[in-house]
Novice: 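Could you have a look at this structure, given as structure tokens, before my questions?
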Amino acid sequence: MAGMTSTASTASTAGPASPAGPASPAGISSASGPLADLVLGWFAVCGRDLPWRRPLTSPWAIMVSEVMLQQTPVSRVLPVWEAWLDRWPTPAALAAEPAGEAVRAWGRLGYPRRALRLHQAATVVVERHDGEIPQHLDDLLALPGIGTYTARAVAAFAFRQRHPVVDVNVRRLFARAVEGRADPPATVSRRDLVEIAELLPPDTETAARASAAFMELGALVCVARAPRCAACPLLGRCAWVSAGSPPSAGPARRPQGYAGTDRQVRGRLLAVLRDASPAVGQEILDQVWDDPVQRTRALAGLIDDGLVVRVAPGVYALPS
DNA sequence: GAATCGTGGCG
DNA sequence: TCGCCAAGATT
């Protein structure tokens, strides 16, 4: 049962029968078999050819992609990822440059603290792991900016280990297909993690690919807003569909908008600093926002985060 | 557990 | 037009 990975024709166990019974609450679908096979078969045909999924992609390149993809669409990551790795093909290459260069190269991906932490992570990798991305989950988790999702993603996708890789796509897919609920849980319970792990095939390489396949299905078909169930390989055994596709419990209230927030001011300030080198004067920064109180608070926040440094009275720059 | 932290595309 | 949404981490 190690090599059930062949791309085409996994329809053996697919059975059009679909006994229509998986609506039971604790429906822990058999064990580690059919569901993953169905998704793997779909993935082989419909999965995107993303560059970080290609063979021979380095663990560093995969880790960079995972960090960039946090809360950021693939289409926006692609060009930045290419340029980033062209410039810094290894952690040592990045660690050798000022952190500000990482922030600048980050461009408009958003959440620029990720760039700072990636630079910090590269430094740790050089100093404590001989320049190689560590393979153990605990070592990955210890890196700045690497949380539970990203650590497992790197372990699985770069080192082909068998770990449940649970992002929002997998949470949503699991909530619907297995639990019959429209919305993913806010957080992943220990038990959900175990159950998702049990869906993975035993073979580690196949398990790693299955994790990518789950995420892909959630990203392309089992999407949040208008799921394309007609194109889903799990249509015949989806608990949510079997239950009549009950609507979501309403949108989780949005904390706040973006316009007018400190976040927007920080974004504007940093945009000026990215495009200006090496430094800019106070009067330039003063033009990005009218309210001096909020502007000052935002700049102080950026400095506090280490994204900006004051190089002289009234003169600011990206960190070195 | 809730709040915070960017940005841009899309229905 | 505007709210929702996109491979989370940190505090």
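Quick note on labels: first sequence line is chain A, next is B, and so on, each numbered from 1.
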Novice: Are A/Arg295 and A/Asp286 within salt-bridge range, i.e. N to O under 4.0 Å?
Specialist: yes
Novice: Taking any heavy-atom pair under 4.0 Å as a contact, classify A/Arg108: base, sugar-phosphate, or nothing.
Specialist: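 Counting heavy atoms under 4.0 Å across all strands, the contact made by A/Arg108 is with sugar-phosphate only.
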Novice: OP1 or OP2 of C/dA6 versus the side-chain N and O atoms of A/Gln71: is any pair under 4.0 Å?
Specialist: no
Novice: I'd like the P distance from B/dG8 over to C/dA9, given in whole Å.
Specialist: 23 Å
Novice: CZ of A/Phe157 versus P of C/dA7: gap in Å, rounded?
Specialist: 12 Å
Novice: Would you please test A/Arg128 and A/Asp139 for salt bridge (charged side-chain N to carboxylate O under 4.0 Å, His left out) and show each step?
Specialist: CA-CA 10 Å; A/Arg128 295 168 49 177; A/Asp139 291 328; over 6 Å; no
Novice: Under 4.0 Å, counting only non-hydrogen atoms across every strand here, what does A/Trp52 touch: a base, just sugar-phosphate, or nothing?
Specialist: base
Novice: Given the P atoms of B/dG6 and C/dT11, what is the spacing between them in whole Å?
Specialist: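 Approximately 14 Å lies between the P atom of B/dG6 and that of C/dT11.
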Novice: Could you state the atom-to-atom distance from CG of A/Asn169 to P of C/dA6 in whole Å?
Specialist: 7 Å
Novice: Between A/Arg237 and A/Ser242, do the side chains contain a donor N or O and an acceptor N or O under 3.5 Å apart?
Specialist: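 No, no side-chain donor-acceptor contact under 3.5 Å.
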Novice: Would A/Glu205 and A/Arg162 pass as an ion pair if we require N to O under 4.0 Å?
Specialist: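 A/Arg162 and A/Glu205: not salt-bridged.
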Novice: Within the structure shown, what part of the strands sits under 4.0 Å from A/Arg297 by heavy-atom distance: base, sugar-phosphate, or nothing?
Specialist: nothing
Novice: Using a cut-off of 4.0 Å on non-hydrogen atoms, how would the nucleic acid contact of A/Ser65 be classed: base, sugar-phosphate, or nothing?
Specialist: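 No contact.
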Novice: What is the nucleic acid contact for A/Leu270, judged by heavy atoms within less than 4.0 Å: base, sugar-phosphate only, or nothing?
Specialist: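 Touches nothing.
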Novice: Any base atoms under 4.0 Å from A/Arg172, or only sugar-phosphate, or nothing? Heavy atoms, all strands.
Specialist: sugar-phosphate
Novice: May I have the distance from A/Arg228 (atom CZ) to B/dG11 (atom C1'), rounded to whole angstrom?
Specialist: 16 Å
Novice: Look at all strands and tell whether A/Ala219 reaches a base, only sugar-phosphate, or nothing, counting heavy atoms closer than 4.0 Å.
Specialist: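 Touches sugar-phosphate only.
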Novice: Under 4.0 angstrom, heavy atoms only, what part of the nucleic acid is A/Leu50 near: base, sugar-phosphate, or nothing?
Specialist: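 Contact class for A/Leu50: base.
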Novice: When you get a sec, tell me which of B/dG6, C/dA6, C/dA7 is the closest nucleotide to the side chain of A/Thr72?
Specialist: B/dG6
Novice: Would you indicate what A/Gly147 reaches in the nucleic acid, counting non-hydrogen atoms under 4.0 angstrom: base, sugar-phosphate, or nothing?
Specialist: sugar-phosphate
Novice: Taking the side chain as every heavy atom from C-beta outward, state whether A/Pro319 and A/Val308 have any atom pair closer than 4.5 Å.
Specialist: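 Sidechains of A/Val308 and A/Pro319: no contact.
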Novice: Where the side chain of A/Ala224 is defined as all heavy atoms beyond and including C-beta, which of B/dT7, B/dG6, C/dA6 is the nearest nucleotide?
Specialist: C/dA6
Novice: Please give, in whole Å, the distance from C/dC5 P to A/Arg171 CZ?
Specialist: 13 Å
Novice: Looking across every strand, which nucleic acid part, if any, lies under 4.0 Å from A/Val168 by heavy atom: base, sugar-phosphate, or nothing?
Specialist: sugar-phosphate
Novice: Can you tell me how far P of B/dA3 sits from CZ of A/Arg113, to the nearest Å?
Specialist: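 To the nearest whole Å, that distance equals 16 Å.
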Novice: Select base, sugar-phosphate, or nothing to describe what A/Ala153 touches, counting heavy atoms under 4.0 Å on all strands.
Specialist: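 A/Ala153: no heavy atom of the nucleic acid under 4.0 Å.
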Novice: Compare the minimum distances between each of C/dG8, C/dA7, B/dT7 and the side chain of A/Thr150, then state the nucleotide with the smallest one.
Specialist: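 Between C/dG8, C/dA7, B/dT7, the one nearest the side chain of A/Thr150 would be C/dG8.
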Novice: Tell me: CZ of A/Arg114 to C1' of B/dT4, nearest whole Å?
Specialist: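 Interatomic distance, CZ of A/Arg114 to C1' of B/dT4: 14 Å.
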Novice: Please report the distance separating the C1' of B/dG1 from the corresponding atom of C/dT10, rounded so that it comes out in whole Å.
Specialist: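 Nearest-Å result for B/dG1 against C/dT10 at atom C1': 13 Å.
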Novice: Suppose we call a contact any N or O donor and acceptor under 3.5 Å apart; does that hold for the side chain of A/Arg117 and the base of C/dT10?
Specialist: no
Novice: Specify the separation, in whole Å, of atom CG of A/Leu69 and atom C1' of B/dT7.
Specialist: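 In whole Å, B/dT7 C1' and A/Leu69 CG are 15 Å from each other.
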Novice: State which of B/dG6, C/dG8, C/dA7 makes the closest approach to the side chain of A/Arg53.
Specialist: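 Side chain of A/Arg53 sits closest to C/dA7.
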Novice: Nearest of C/dA7, C/dA9, B/dG6 to any side-chain atom of A/Tyr258?
Specialist: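 Within the option list, the nearest is B/dG6.
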Novice: Within the structure shown, what part of the strands sits under 4.0 Å from A/Ser75 by heavy-atom distance: base, sugar-phosphate, or nothing?
Specialist: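 Answer is nothing: A/Ser75 stays at 4.0 Å or more from every strand.
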Novice: Could you check A/Gln70 against A/Pro73 and say which one's nearest nucleotide on DNA chain C is further toward the 5' end?
Specialist: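 Going by which nucleotide is closer to the 5' end, it is A/Pro73.
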Novice: Categorize A/Arg266 for me: base, sugar-phosphate, or nothing, with a 4.0 angstrom heavy-atom threshold over every strand shown.
Specialist: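 The answer is sugar-phosphate, as A/Arg266 gets under 4.0 Å only of primed atoms, P, OP1 or OP2.
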Novice: CG of A/Asp305 versus P of B/dG6: gap in Å, rounded?
Specialist: 7 Å
Novice: A/Arg225 has a side chain; which of C/dG8, C/dC5, C/dA7 sits nearest to it?
Specialist: C/dC5
Novice: Verify the distance criterion only: is there a donor paired with an acceptor across the side chains of A/Gln70 and A/Tyr149 at less than 3.5 Å?
Specialist: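 No donor-acceptor contact under 3.5 Å links the two side chains.
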Novice: Please say yes or no: joined through hydrophobic side-chain contacts below 4.5 Å, possibly via intermediate residues, are A/Val74 and A/Val165 part of one cluster?
Specialist: no
